[in-house]
Number of protein chains: 2
Amino acid sequence: MKLTSKGRYAVMALVDLARFDTINPVSLRDISLRQGISLDYLEQIFSKLKKNQIVKSTRGTQGGYVLSKKPNEIKLTNIFNAVDEKVKTVQCKKESKKGCNGKATKCVTHNLWDELETHINTFFEKKSLEDLLKNNSERVN
Amino acid sequence: MKLTSKGRYAVMALVDLARFDTINPVSLRDISLRQGISLDYLEQIFSKLKKNQIVKSTRGTQGGYVLSKKPNEIKLTNIFNAVDEKVKTVQCKKESKKGCNGKATKCVTHNLWDELETHINTFFEKKSLEDLLKNNSERVN
DNA sequence: TCTAAACTTGACCAATTTAGTCAGGTATGT
DNA sequence: ACATACCTGACTAAATTGGTCAAGTTTAGA
Ligand code: FES
Ligand code: FES
């Protein structure tokens, strides 16, 4: 049970963005240097974040990215959905009547995993970017 | 963020075991048939469960496995640890002073992932095999 | 005693996923 | 014009997963 680096990087980059985008757009190059993430990889990630209206971009010299909402309006759920970092605990398709073993009833552990999924998602829905900023405010300067 | 099938199968198999081991040891063959899990794969899993004293085995004809503790004493944590289904959210080594980016300070998201890990582990520590049995008691017959 | 059921061990492998890289663009401020 | 920075898609090496396969050992029961 692991987090992928795509999800991890997305959050790191957005925290970085939230701290530095107050005056000018922030270039991916800067984020790449500060956070130690490959520029090419960041571009993939930001392409998805943009499609999901989490960030806005301006092109050209002095261009870069800006958050498109306030930090307290951006939940971890939103970020994770954007970059396809989904929590998947059950094996079966939830809507299907069939269980993961192909039988007509759901398997003995189905309910358990479903509870777990809810448990984890609750965490992601509560946390916003703002919470992370507070948590690291001592390092802002 | 996914559960591996090793962890999933381990729990399925143990629930099965808990329901049927009251009189005789249960053979992996039976579990394999009832739960639709490959016999060879089950053997790998039970080898680990045995090393971690979650089950006991008897060899020979009519042999099989039995739980080595009461269902309410077996927590999901125990099972998951046994089969190496670890929850790993942070990228860095926790004990290390270095962050995941190689820098001297922990990265901006470190605390977040750490909280998440605790959040998930809490769930696993609360749930015991017994809880699962109750949850599915209507199917016991 | 013989044999089949069932546990034990370790090597091996194909398919998938992950974590990127690479090679081209296009847009725009100075 | 030209450097900077966004944009897009194809590609791939390495790791992980989810098993299979082969070759045992142990023991109950006929
Ligand atoms: S996980 Fe849904 S039926 Fe097994
Ligand atoms: S996850 Fe620990 S420093 Fe980044």
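Chain identifiers are assigned alphabetically (A, B, ...) following the order of the sequence lines, protein sequences preceding nucleic acid strands; residue numbering begins at 1 within each chain.
Between the CZ atom of B:Arg59 and the C1' atom of C:dT3 there is a distance of 16 Å, given to the nearest Å. Put simply, CG on A:Leu28 is 16 Å from C1' on C:dT21, counting in whole angstrom units. Taking atom NZ of B:Lys51 as the reference point, atom C1' of C:dC7 lies 13 Å away to the nearest angstrom. As a whole-Å value, the separation of B:Arg8 CZ from D:dT17 P is 12 Å. Rounded to a whole Å, the NZ atom of B:Lys2 is 11 Å from the P atom of C:dT16. Put simply, NZ on A:Lys56 is 16 Å from C1' on D:dC6, counting in whole angstrom units. Counting to the nearest Å, the P atom of C:dT26 and the NZ atom of A:Lys50 are 16 Å from each other. Rounded to whole Å, atom P of C:dA19 lies 13 Å from atom CG of A:Asp84.
Expressed to the nearest 0.5 Å, how far CD of A:Gln35 lies from CG of A:Leu14 amounts to 10.5 Å. The distance from the NE2 atom of A:His119 to the CZ atom of A:Phe124 is 11.0 Å, given to the nearest 0.5 Å.
Ranked by how close their nearest DNA chain D nucleotide is to the 5' end, B:Leu3 and A:Gly63 are led by A:Gly63.
Closest contact between the side chain of A:Ser5 and the listed nucleotides C:dG20, D:dG18, D:dA28 involves C:dG20. Considering only the side chain of B:Thr61, D:dA28 comes nearest among D:dG18, D:dA28, C:dA19.
Contacts between residues 29-48 of chain B and DNA chain C, defined by a heavy-atom separation below 4.0 Å, involve B:Arg29, B:Glu43, B:Gln44, listed by number.
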Side-chain donor/acceptor pairs under 3.5 Å, residues 22-29 of chain B, sequence neighbours excluded:
from	atom 1	to	atom 2	distance (Å)
B:Ser27	OG	B:Asp30	N	3.2

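Partner of B:Cys92 under the side-chain contact (heavy atoms from CB on, under 4.5 Å) criterion, out of B:His110, B:Lys97, B:Lys98: B:His110 alone.
Within the 4.0 Å cut-off from OP1 or OP2 of D:dA5, not a single side-chain nitrogen or oxygen of A:Tyr65 is found. Note on B:Ser57: every side-chain N or O is 4.0 Å or more away from OP1 and OP2 of C:dA6.
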Does A:Glu115 form a salt bridge (charged side-chain N to carboxylate O under 4.0 Å, His left out) with B:Lys127? I'd like the steps, not just the answer. CA-CA 11 Å; A:Glu115 277 182 58; B:Lys127 289 276 175 187; 2.9 Å; yes
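Contact between B:Ser128 and B:Pro71 at its shortest, heavy atoms only, is CB-O, 3.8 Å.
At the heavy-atom level, A:Val26 lies under 4.0 Å from the strands shown only through sugar-phosphate atoms.
Between B:Asp84 and B:Lys6 no salt bridge is recorded (no basic side-chain N to carboxylate O distance below 4.0 Å).
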